[in-house]
Amino acid sequence: MYSISEKMFSVLVFLIIVVVFLYYKWAFTYWHRRNIPYLEPSFPFGNLPNLFQRKENIGLTVEKFYNEMKRRKWKHGGVYFLVSPVYCVIDLEYVKNIMNRDFEYFTNRSIYYNEKDDPLSAHLFAIGGQKWRNLRTKLTATFTSGKMKAMFQTLLECETNLLKQIEDCNNPINIKEILSCFTTDVIGSVGFGLECKTFEEKNSPFRIYGKKVFKDSVLRSLKRAFLTSNFPELARKLGILAFPSEITDFFLKVVADTVKYREENNRSRNDFLQLLIDLKNSGTLSLEEIAAQCFLFFLAGFETSSTTMTFALYELAQHQDIQDKVREEIDAVLKKYGGKITYEAIHDMKYMNQVIDETLRKYPAASIITRTCVKDYKIPDQDIVIEKGTSVIIPVLGIHHDEKFYPNPEKFDPERFTEENKAARHHYAHLPFGEGPRICIGMRFGLVQSKVGLTSLLKNYIFKVNKKTIEPLKMQARSLILAAEGEIWLDVYKL
Ligand code: HEM
Ligand SMILES: *[C@@H]1O[C@H](CO)[C@@H](O)[C@H](O)[C@H]1NC(C)=O
Ligand SMILES: *[C@@H]1O[C@H](CO)[C@@H](O)[C@H](O)[C@H]1NC(C)=O
């Protein structure tokens with residue numbers, strides 16, 4: 001026998017289900033109402049595969065959207081992430097308009113930040129509008145080629161540790177782990193003024209907190225994504241943090257201690273942190289703002305560069321002819337510069353550049369790029385308006401694997417990036433660092449760091465794939481950055 005309250009309860013549940021269902025039905029008419037072609041969504045995840053058993057990297061999911069829209073000859077199209085409409089750009093001229101020509105309509109990224117309760121989250125990548133513009137202008141000064149050149153020596157000091165680490169290992173080596181240590185060392189050194197010592201201390205707090213940030217952010221994003229992405233103002237009022245406070249506290253303290261030490265002891269050093277301290281002393285940045293940028297450089301710099309180097313070495317290990325060709329270039333160029341790895345020598349390596357460009361084509365660390373529309377935008381040649389607040393996705397992985405731009409796209413072929421072949425292709429067919437005013441600010445640094453790592457390794461060792469590596473490589477489903485699932489094992493032979 002049901003009691004009254006049980007009956008009312010089931011009626012209530014039933015009503016809620018009906019309301020949610022009707023809401024979905026209405027929300028899923030969004031693209032139809034805007035007259036934009038769309039891929040048919042389904043209840044309850046929209047166009048995303050089952051979120052609770054994520055089996056696929058978001059880049060691959062979006063690549064499928066790209067391929068399907070391309071097959072239907074669309075220049076763009078709508079999809080739904082749960083109930084939220086997301087605008088997918090396919091045509092490269094549209095991509096160019098959004099990233100560059102009409103950038104003023106797309107200045108934001110809609111990443112949640114909470115400056116008051118969680119100062120580290122208000123970094124360059126997350127903020128938008130005029131706020132972003134002001135900070136970007138200040139920080140641009142820290143990434144000029146003059147500054148890179150001055151920092152080069154500091155970066156190079158981490159090379160010794162990299163080689164030592166390889167010396168200490170037996171075959172096969174876990175190359176991703178070694179390169180993660182290298183890039184953590186580099187960013188710890190130039191971003192936080194620490195000595196390179198990740199290798200000596202296996203449990204360096206930098207490695208531990210670095211791993212935590214990436215792990216936690218995915219779990220948290222599942223739990224809080226709804227609130228922070230749909231109601232950021234409310235989330236800020238509720239004091240919801242973007243990162244757990246233990247991570248924030250750690251990075252804030254490291255930066256505060258180093259700044260204090262340098263100021264008390266009148267020390268200076270050729271690194272990012274010093275450039276930021278100089279900005280602080282001229283009254284343009286606060287200590288929290290410095291820490292937020294250091295934290296961002298750490299997040300943006302270490303995983304992207306280490307996966308890029310890992311994929312490059314993996315491909316070179318599979319293609320001995322290409323590996324030999326890079327090594328010949330390294331030897332010839334270094335000879336020209338007295339056997340030393342210098343800033344100029346690194347820039348003189350043309351084939352190395354092609355190898356990195358091709359690596360970033362096949363494995364773009366950022367497999368999608370996002371923007372948010374900040375004022376109603378009429379698409380130039382059509383009678384269609386993208387509404388303020390709409391999320392925009394640029395399907396980088398899809399574009400990079402489109403056989404129209406790159407015949408036989410799964411093949412690793414640095415010849416695609418000779419000057420001649422590059423000039424024959426649409427400029428926006430290669431977007432590993434994004435484009436336009438919000439292009440990766442650390443591009444130069446990321447490239448230099450990757451080239452130094454590869455030069456140092458290839459100069460001294462031959463690499464071959466060990467059969468412990470599970471091939472073909474699968475991409476991690478839950479990682480925001482495109483990275484291989486499982487380890488990549490290489491055999492190393494000293495030259
Ligand atoms: C191979 C290495 C790297 C890759 C593939 C990479 C890729 C990217 C991409 C695709 C974006 C988004 C661009 C856009 O929206 O148009 C970006 C933004 C950014 N990257 Fe990198 N990055 C790398 C290394 C670095 C390094 C070493 C740093 C810092 C030291 C860095 C700092 C940043 C920052 C601060 C932004 C945000 C810029 C803004 O919103 O104004 N990146 N990166
Ligand atoms: C863009 O970003 C700025 C600063 O982060 C914010 O104040 C503004 O509301 C954002 N605009 C939209 C449409 O999201
Ligand atoms: C700090 O060092 C600089 C040069 O390194 C010197 O010119 C300056 O006088 C020093 N200031 C103090 C307070 O010691």
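Counting starts at 1 for both ligands and their atoms, in listed order.
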Would you check whether [X] reaches within less than 4.0 Å of ligand 1, judged by its heavy atoms?
| X | value |
| --- | --- |
| Arg371 | yes |
| Met99 | yes |
| Phe302 | no |
| Ser305 | yes |

Given [options], which one has a non-hydrogen atom that is nearest to [atom]?
| atom | options | result |
| --- | --- | --- |
| atom 27 (C) of ligand 1 | Gly434, Ala366, Gly301, Cys294 | Gly301 |
| atom 4 (C) of ligand 1 | Tyr363, Phe433, Phe445, Trp132 | Phe433 |
| atom 17 (C) of ligand 1 | Ser450, Ser306, Cys440, Pro437 | Cys440 |
| atom 2 (O) of ligand 2 | Asn108, Ile111, Thr107, Thr390 | Asn108 |

Short N or O distance, [X] and ligand 1, threshold 3.5 Å exclusive:
| X | answer |
| --- | --- |
| Thr304 | no |
| Thr308 | no |
| Arg109 | yes |

Test of proximity, Gly389 against ligand 2: N or O pairs below 3.5 Å: no
Any N/O pair Tyr113/ligand 2 closer than 3.5 Å: yes
[atom]: nearest protein contact (heavy atom, Å):
| atom | result |
| --- | --- |
| atom 32 (C) of ligand 1 | Ala300 CB, 3.5 Å |
| atom 4 (C) of ligand 2 | Gly128 O, 3.2 Å |
| atom 36 (C) of ligand 1 | Phe125 CD1, 3.8 Å |
| atom 28 (C) of ligand 1 | Gly442 CA, 3.7 Å |

[X], portion touching ligand 1 at heavy-atom distance under 4.0 Å:
| X | value |
| --- | --- |
| Thr370 | neither |
| Gln449 | neither |
| Leu124 | both |
| Pro432 | backbone |

Centroid-centroid distance, [X] to [Y], less than 6.0 Å:
| X | Y | value |
| --- | --- | --- |
| Tyr314 | Phe463 | no |
| Phe192 | Phe297 | no |
| Phe103 | Trp132 | yes |

Here's one to test your reading of the geometry: is the NZ or CZ of [X] within 45 degrees of the ring axis of [Y] and under 6.0 Å from its centre?
| X | Y | answer |
| --- | --- | --- |
| Lys362 | Phe311 | no |
| Arg425 | Phe417 | yes |
| Arg267 | Tyr261 | no |

Euclidean distance, Lys474 NZ relative to Asn57 CG, rounded to 0.5 Å: 11.0 Å
Spacing of CD1 belonging to Ile290 relative to CG belonging to Leu273, to within rounding of 0.5 Å: 6.5 Å
Where ligand 2 meets Gly129 - atom numbers and elements under 4.0 angstrom, heavy-atom basis: 2 (O)
Main-chain N/O of Tyr94 paired to Arg101 side chain as donor or acceptor, under 3.5 Å: no
Any donor-acceptor N/O pair, Glu329 side chain to Tyr351 backbone, under 3.5 Å: yes
Among His430, Lys96, His427, the one residue meeting side-chain hydrogen bond (donor to acceptor under 3.5 Å, both in side chains) with Glu435: His427
Glu115: which of His123, Arg236, Lys131 passes side-chain hydrogen bond (donor to acceptor under 3.5 Å, both in side chains): Lys131
Trp132, portion touching ligand 2 at heavy-atom distance under 4.0 Å: neither
Side-chain donor-acceptor contact under 3.5 Å, [X] with [Y]:
| X | Y | value |
| --- | --- | --- |
| Asn134 | Gln130 | yes |
| Asp402 | Tyr66 | yes |
| Glu93 | His426 | yes |

With heavy atoms of [X] as the reference, note each atom of ligand 1 found under 4.0 Å away.
| X | result |
| --- | --- |
| Ile369 | 10 (C), 14 (C), 15 (O) |
| Arg136 | 38 (C), 39 (C), 41 (O) |
| Glu435 | 16 (O) |

